[in-house]
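A short worksheet on the structure shown next.
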Amino acid sequence: LTTVSPHPLDALRLADPDTYVWVKGKVELMVPPPGASALRLLADQTIWGLSVETAMGTALARGILDLLPCSAMPRLHRYVQMVRRASDTGITLGRIVAEFSAAVVSAGEPLTRQFETTMAVMLGKGTYALRAPFEVLRELLQAGDLVSAAAYLDLLAAAFRKDLTYNQSLQLVYLLPKSVRRLAARRRHFQIEQLTAVVTVNLRLVDAYLEGLAKGAALLDKGALRRFVSQAMERFERKAELGIKFLSLSSKVGQDACLALQRAVPLVHVNGQLSRYLQARLGYSVRLEPLSGLGGLAAEIAWVCSDGQSIYLPDEVERFDRRRRNIGFYKFLVRLEAALFECRTFDFDLERAADVHPGFSEKMPLAMPLRRIDGMCDGEQFVRAFPLPLLAGDLFTLYEHARLGAFLRKQYPGLMRQTQPLLDAEARVCIQANASHLLAPVALHLLLSRQAPFSTDPSTADLQRELIALFDPSMASPLGVETSAFRACLAYARSSRWYAGSQGRYRPFRFPHDRRLRWELVSRAMSVHDRSAALIQQRLEEQGLTVYRSELRNRLADQQGRLSAEDVTALVLSRCAAARQPGTPVHLSSRQLDKLLQLSGLERPPTAEAPGDAYRYPEWDNTVQDYLFDHTRVREAEIPVQNGAERYQRILQRHGGLVSRMRHAFALLKPEGITMLRQWPEGDAVDYRALLDYVMDRRAGRMPSERLFIKRLKQERDVAVVVLVDLSRSTANPAAGGNASVLDVTKEALVLFCEALQVVGDSYAIAGFSGTGRHSVDYYHIKRVEEPLSDAVRSRISYLSPQRSTRMGAAVRHATALLGEVQRRVRLLIVISDGFPNDLGYKADYAIADTRRAVSEARASNFHVKAITVNIGSDPGLDALYGRVHHHVIENVRDLPDKLLRLYGTLTRF
Amino acid sequence: LLIYAAQLMRQGIDLKSACRTAICLPLTDDERLQETLEDLMDDLF
């Protein structure tokens with residue numbers, strides 16, 4: 001007889017088959033499988049938990065399962081003991097401990113003891129205080145940030161040890177975890193420590209501290225933040241208000257103190273300055289993007305890289321102990337990286353390489369002409385064609401950087417002189433990092449002009465000298481990136497033989513500041529135009545015309561995907577010149593070109609346009625700090641005139657009282673005709689009051705005023721106004737406190753506005769705007785300036801309806817252009833909107849920056865621009881959009897009619 | 001402006017000061033653009 005010993009989880013199967021299936025599934029995935037005693041503990045405790053409460057059993061099982069892979073039995077027992085003890089107090093507490101303490105126990109002592117102490121303090125306020133704070137604790141532990149977790153437990157203990165009312169306690173329960181979750185991982189632990197210090201002194205300082213962090217104190221390092229907080233405390237002790245303003249960076253003293261202590265520089269602070277520099281040096285804009293935008297790739301890049309369209313820089317630099325030096329480091333990186341754009345590295349073209357260097361094809365391990373791989377730029381294809389792509393890539397980077405170095409030394413001697421100390425320091429790092437690397441002495445010689453010792457092995461040393469000799473600096477500047485590729489080919493043949501002979505595995509070379517050519521990024525950035533260029537190139541070749549794909553791609557990118565017959569001619573001739581062939585005459589009619597472009601899928605066949613004129617306007621791109629020319633297309637559209645204007649009349653009737661009051665108020669705005677200016681130095685009548693003063697002054701022996709005349713001026717109102725109404729989809733939302741939509745209330749305001757302006761006699765226009773995407777911004781004329789308030793206008797106002805999105809910048813530019821043609825002393829643009837601009841590719845900061853720029857342009861053309869935002873609460877972002885004193889927020893849209901008229905009256909009163 | 005800068009150089013003013021005085025300062029009074037021009041000059045000399 002043989003006895004089969006029961007499986008440790010069998011008891012659980014009997015107790016709860018569903019939980020058993022789930023637990024068994026998890027256990028089977030564990031490598032190595034857990035021991036029998038651990039499984040028995042899991043089964044027993046889960047059964048006990050289920051007997052107390054289903055949720056408790058599940059939480060306990062999950063906790064033990066989390067601990068199983070990495071914890072020994074004593075930790076499992078510790079966890080179970082904590083849960084059991086908590087359950088004795090209450091089931092809710094037991095469940096919370098079961099859920100959250102596994103992560104703590106897995107971190108070991110002394111954190112577990114600290115957790116227990118903190119929990120005891122928090123329990124003084126009630127079980128409600130535990131869950132939200134412990135969720136963040138678990139997140140910190142799961143991220144492996146034990147230091148921050150310990151600091152966070154200290155913070156919780158310090159906060160909840162205080163004498164708090166229920167409301168204060170409840171506020172902290174949500175505020176503290178939320179704030180800690182927002183802190184950046186790198187500086188989180190000491191920011192939490194300082195938050196603890198602040199909490200200990202006074203709870204009033206918590207909000208101020210968090211506000212200060214958001215405004216810039218988050219950039220301070222550990223010591224600096226401690227000094228800043230202690231300065232704030234001193235002020236707080238002297239006078240509470242002073243300390244709070246200092247800590248929240250609301251006072252100038254606080255801001256200055258923070259800036260003086262600041263060492264780290266975020267990219268956003270220097271983006272504008274660096275973009276201007278690039279624009280000035282290159283003559284065109286290059287985007288500056290944070291490295292974090294590259295996602296997972298960012299981990300591989302130490303400082304900087306480029307993809308032919310953007311330069312990626314660290315999100316912040318804290319390399320040196322002075323802020324100024326860190327800004328200088330940003331400049332240093334950008335100055336070096338700009339050379340890649342200046343020397344056209346990213347225009348590398350395999351066909352041009354074959355034309356320029358006749359031996360190129362033979363040196364490459366792939367056949368020419370190439371069969372291009374879709375979505376891969378020529379640089380990437382070149383590197384991947386070699387059996388050792390890492391070596392090929394390093395050699396290509398090496399010779400290309402050597403070429404750029406020679407260029408910089410010749411063109412920008414000042415730049416090279418200034419960057420020398422940083423390069424020297426980097427040379428030391430490179431020597432250490434690349435010890436015994438074949439390319440080390442070659443790179444130091446070519447890139448940093450340093451003599452490094454050659455290898456002790458004579459054949460290796462000979463090879464290293466040979467690799468240096470391949471680069472002839474006198475040939476550097478006139479030749480392009482293709483020459484670097486050719487040199488890389490020659491060097492590869494020699495180096496790969498050496499690697500094959502030495503049986504060594506190639507270790508990637510660590511370049512100065514880790515600046516290497518990353519062709520995979522270039523492929524990604526240029527894929528759209530590269531694909532189009534490849535298709536067009538193929539079609540042209542079928543017609544016997546050869547062009548370089550890189551030149552074609554650049555032409556398409558520069559002209560936003562457009563190509564003319566002249567462009568094709570220029571590209572064909574350019575290739576002939578590069579290949580030293582006689583120029584072939586190009587016979588390509590525009591019809592042939594159109595057909596060719598259509599076949600390449602580049603241009604859509606012309607579609608029937610809706611009636612109405614279209615206008616192109618630039619758009620401000622805040623990421624490159626430059627205008628994108630002809631980027632938006634505004635189409636003037638008409639609102640169909642429907643029968644009658646009953647709705648207009650109904651609105652008039654409903655607001656009869658307000659209308660008559662406003663008519664009266666606006667009648668007062670109308671000038672009476674003549675204005676008398678008294679005490680004038682010259683005029684058409686004597687001012688007798690002034691004359692009387694004159695005589696009195698003379699009698700008294702004082703110097704009399706000679707302003708003795710009255711001047712009569714004929715006064716006329718000279719005002720033109722355009723009201724621009726946002727017709728986005730969101731205006732269909734109901735207005736606060738009623739069933740009517742935002743647009744309905746806006747219509748009411750427009751009706752009253754028209755009626756009031758009829759009285760005062762100013763020229764005015766009303767327009768709506770909406771649209772989808774940059775090519776389709778619709779501008780609806782509701783009333784043109786010269787148009788009388790006819791039934792057609794009334795009908796258009798009545799039948800306004802919500803449309804699509806809000807590309808506000810383009811609409812403001814078009815309204816400014818139209819009103820610019822009207823010659824008036826006062827020109828006013830009133831924008832009525834229900835929020836922030838939003839459209840396809842037109843969101844958040846980009847949309848705000850463009851709209852702000854459009855508003856500034858209008859102001860520069862002598863327009864008064866005022867905005868009324870309805871149906872949202874006050875938002876500091878609106879200050880950024882329109883300027884602090886130039887907008888009004890009306891939370892209750894029902895106030896709009898009244899406010900619009902008041903605003904207009906105030907703005908145009910003489 | 002270039003001629004003025006050259007004249008200053010001939011009178012013994014150093015290259016950077018001559019360019020700053022004769023080219024950069026007359027071109028703009030915007031501090032940010034001045035800084036950009038200064039950076040470009042630093043590259044050249």
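Reminder, nothing fancy here: chain letters follow the sequence lines and each chain counts from 1. In what follows, every heavy atom counts, from backbone to side chain, and hydrogens, waters and symmetry copies are set aside. Fair warning: this is a prediction, and the values are worked out from it, not measured in the lab.
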Nearest 0.5 Å, what's the [atom1]-[atom2] distance between [X] and [Y]?
| X | Y | atom1 | atom2 | result |
| --- | --- | --- | --- | --- |
| Leu40(B) | Arg276(A) | CG | CZ | 12.0 Å |
| Leu44(B) | Arg281(A) | CG | CZ | 9.5 Å |
| Arg417(A) | Asp43(B) | CZ | CG | 10.5 Å |

*Tell me the residues of residues 308-341 of chain A whose non-hydrogen atoms fall below 4.5 Å from those of chain B, in number order.*
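Under the 4.5 Å heavy-atom cut-off, Lys331(A), Arg335(A) qualify.
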_Counting neighbours of CG on Asp30(B) that are heavy atoms of other residues, nucleotides or ligands and sit closer than 6.0 Å, is the number greater than 12?_
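Yes.
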*Enclosure of Tyr4(B) OH (heavy-atom neighbours >12, cutoff 6.0 Å)*: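 No.
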_Heavy-atom contact with chain B under 4.5 Å, split by part of Gln411(A)_ =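 Backbone of Gln411(A) only, per the 4.5 Å heavy-atom cut-off to chain B.
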